[in-house]
Amino acid sequence: MPELPEVETVARGLAQRALGDVIESVWIGEKPQPLKSSAREIADALEGAKIVGVERIGKHIVVELSKSQNGQPSAGSQWIVHLGMTGSLLIVPADAEMAKHTHLIARLQSGRELRFVDPRRFGRLAVRQIGDDNTWAVGREPLEISTHDFAALFRGRKTPIKSALLNQKLLRGVGNIYADEALHRARIRPRRRAALLTRAELKSLHKHLQAVLRQAIAAGGSSISDYVDVEGESGNFQFRHRVYGRAGKPCRKCKGAIKRIVIAGRSSHYCPHCQK
DNA sequence: ACTATGTCCTGCGAGC
DNA sequence: TGCTCGCAGGACATAG
């Protein structure tokens, strides 16, 4: 499922392949749509707009749009895409077959199409004008936060460290896979109360979280479920998972069995020997 | 203010 | 083989 590294991969791919292209027209599917803004608002913002930037904020892809009306550049807007669990943004030839669960098609001036496909419909699409409230962009970026600020996030929190890592209001972009992987690398059990971690443990967690996210980005993300990048390519980081999805399998460090437990309704994987 | 839990949604795999 | 059932989980709503 798309977490920070996967969303970063998609955003980079989109920037590489679609920057400067113009959206000529937009088709949005019927049925309950995975939309935050209305279909009308989205179509109005996208049609005739040039893609002038793509960035990632947490798990959101932000597509910067620019329109000119009567030669005058109008105020910029942003198309915000959250992939949910199973969403993908794909750039395909216009004659490519339409995949099941395609919810939006943006026809590009270059002749290609940008399509949003999401079987489980946990994904969300929205548009906003520059200057609109951006209260959705809360939380700190895990790859930018200092060790000191990172440690401060967990002060006084009784919740398990695993849950705290998943809380997007604290850190944005960390999901179930990378929370488990970072905790294993930092040798911390997922159920430990966040506030009770030692300074050394928090320092280690900060270091390993950043490292695992960077390695995953370099590997094009983890293709669990149906994650693929804009060209439909899978990532490779799933082969380097040490705990996620490896319940019962031997720990790569100590050979003991990886355990699976449920924390706040989320599956959590760890090594009882290596993690304290 | 914080924490815990239920809900959404569909595909897939286990089990019979 | 063909069916049912439970699980997967990010964000949000709701309850405590």
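Worth saying up front: this structure is predicted, and the values here are computed from it rather than measured. Naming: A, B, ... by sequence-line order, numbering from 1 per chain.
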Any [X] side-chain N or O less than 4.0 Å from OP1/OP2 of [N]:
X: A/Tyr178; N: C/dG9; value: no
X: A/His101; N: B/dC9; value: no
X: A/His82; N: C/dG10; value: no

Quiz item: Salt bridge check: are A/Arg112 and A/Asp21 linked by an N-O gap of less than 4.0 Å?
Solution: yes
In this structure, how many angstroms lie between the [atom2] atom of [N] and the [atom1] atom of [X], rounded?
X: A/Lys59; N: C/dG9; atom1: NZ; atom2: P; result: 11 Å
X: A/Ile261; N: C/dA8; atom1: CD1; atom2: P; result: 13 Å
X: A/Phe122; N: C/dA13; atom1: CZ; atom2: C1'; result: 14 Å
X: A/Leu166; N: C/dA11; atom1: CG; atom2: C1'; result: 11 Å
X: A/Tyr227; N: C/dG9; atom1: OH; atom2: C1'; result: 17 Å
X: A/Arg120; N: C/dG6; atom1: CZ; atom2: C1'; result: 12 Å
X: A/Met85; N: C/dA11; atom1: CE; atom2: P; result: 11 Å
X: A/Arg246; N: C/dA8; atom1: CZ; atom2: P; result: 17 Å

Exercise. Output yes when a side-chain donor or acceptor of A/Ser267 lies under 3.5 Å from a complementary backbone atom of A/Val262, and no otherwise.
Key: no
Quiz item: Would you say the side-chain atoms of A/Glu55 pair up with the backbone N or O of A/Ile61, donor to acceptor, closer than 3.5 Å?
Solution: no
Quiz item: Does some side-chain heavy atom of A/Val22 sit less than 4.5 Å from a side-chain heavy atom of A/Ile51?
Solution: no
Quiz item: Does any non-hydrogen side-chain atom of A/Met98 lie less than 4.5 Å from one of A/Arg115?
Solution: yes
Exercise. Pull out every residue in residues 168-177 of chain A that has a heavy atom closer than 4.0 Å to any atom of DNA chain C, ordered by number, or say none.
Key: A/Gln168, A/Asn176
Quiz item: Which is true for A/Tyr244 with a 4.0 Å heavy-atom rule: it touches a base, it touches only sugar-phosphate, or it touches nothing?
Solution: sugar-phosphate
Practice problem: For A/Ser267, answer base if it contacts any base atom (sugar-phosphate contacts may also be present), sugar-phosphate if it contacts only those atoms, and nothing otherwise; contact means non-hydrogen atoms under 4.0 Å. | Solution: sugar-phosphate
Quiz item: Is there a donor in the side chain of A/Ser222 and an acceptor in the side chain of A/Tyr178, or the other way round, less than 3.5 Å apart?
Solution: yes
Output a table of nitrogen or oxygen pairs between the protein and nucleotides 3-6 of chain B separated by less than 3.5 Å.
{"residue": "B/dT3", "atom": "OP1", "partner": "A/Lys158", "partner atom": "N", "Å": "2.7"}
{"residue": "B/dT3", "atom": "OP2", "partner": "A/Arg157", "partner atom": "NH1", "Å": "3.1"}
{"residue": "B/dA4", "atom": "OP2", "partner": "A/Thr159", "partner atom": "OG1", "Å": "2.8"}

Practice problem: Applying side-chain hydrogen bond (donor to acceptor under 3.5 Å, both in side chains), run through A/His103 and A/Asp118 and close with a yes or a no. | Solution: CA-CA 7 Å; A/His103 302 297; A/Asp118 182 14; 5.2 Å; no
Quiz item: Using 30° and 60° as the class limits, which term best fits the ring planes of A/Tyr244 and A/His241: parallel, tilted or perpendicular?
Solution: perpendicular
Quiz item: From B/dC9, C/dA8, B/dG11, pick the nucleotide closest to the side chain of A/Arg121?
Solution: B/dC9
Self-check item: Test side chain to side chain contact (heavy atoms under 4.5 Å, CB included) applied to A/Ile80 and A/Arg128, step by step
Solution: CA-CA 8 Å; A/Ile80 298 160; A/Arg128 64 181 287 269; 3.3 Å; yes
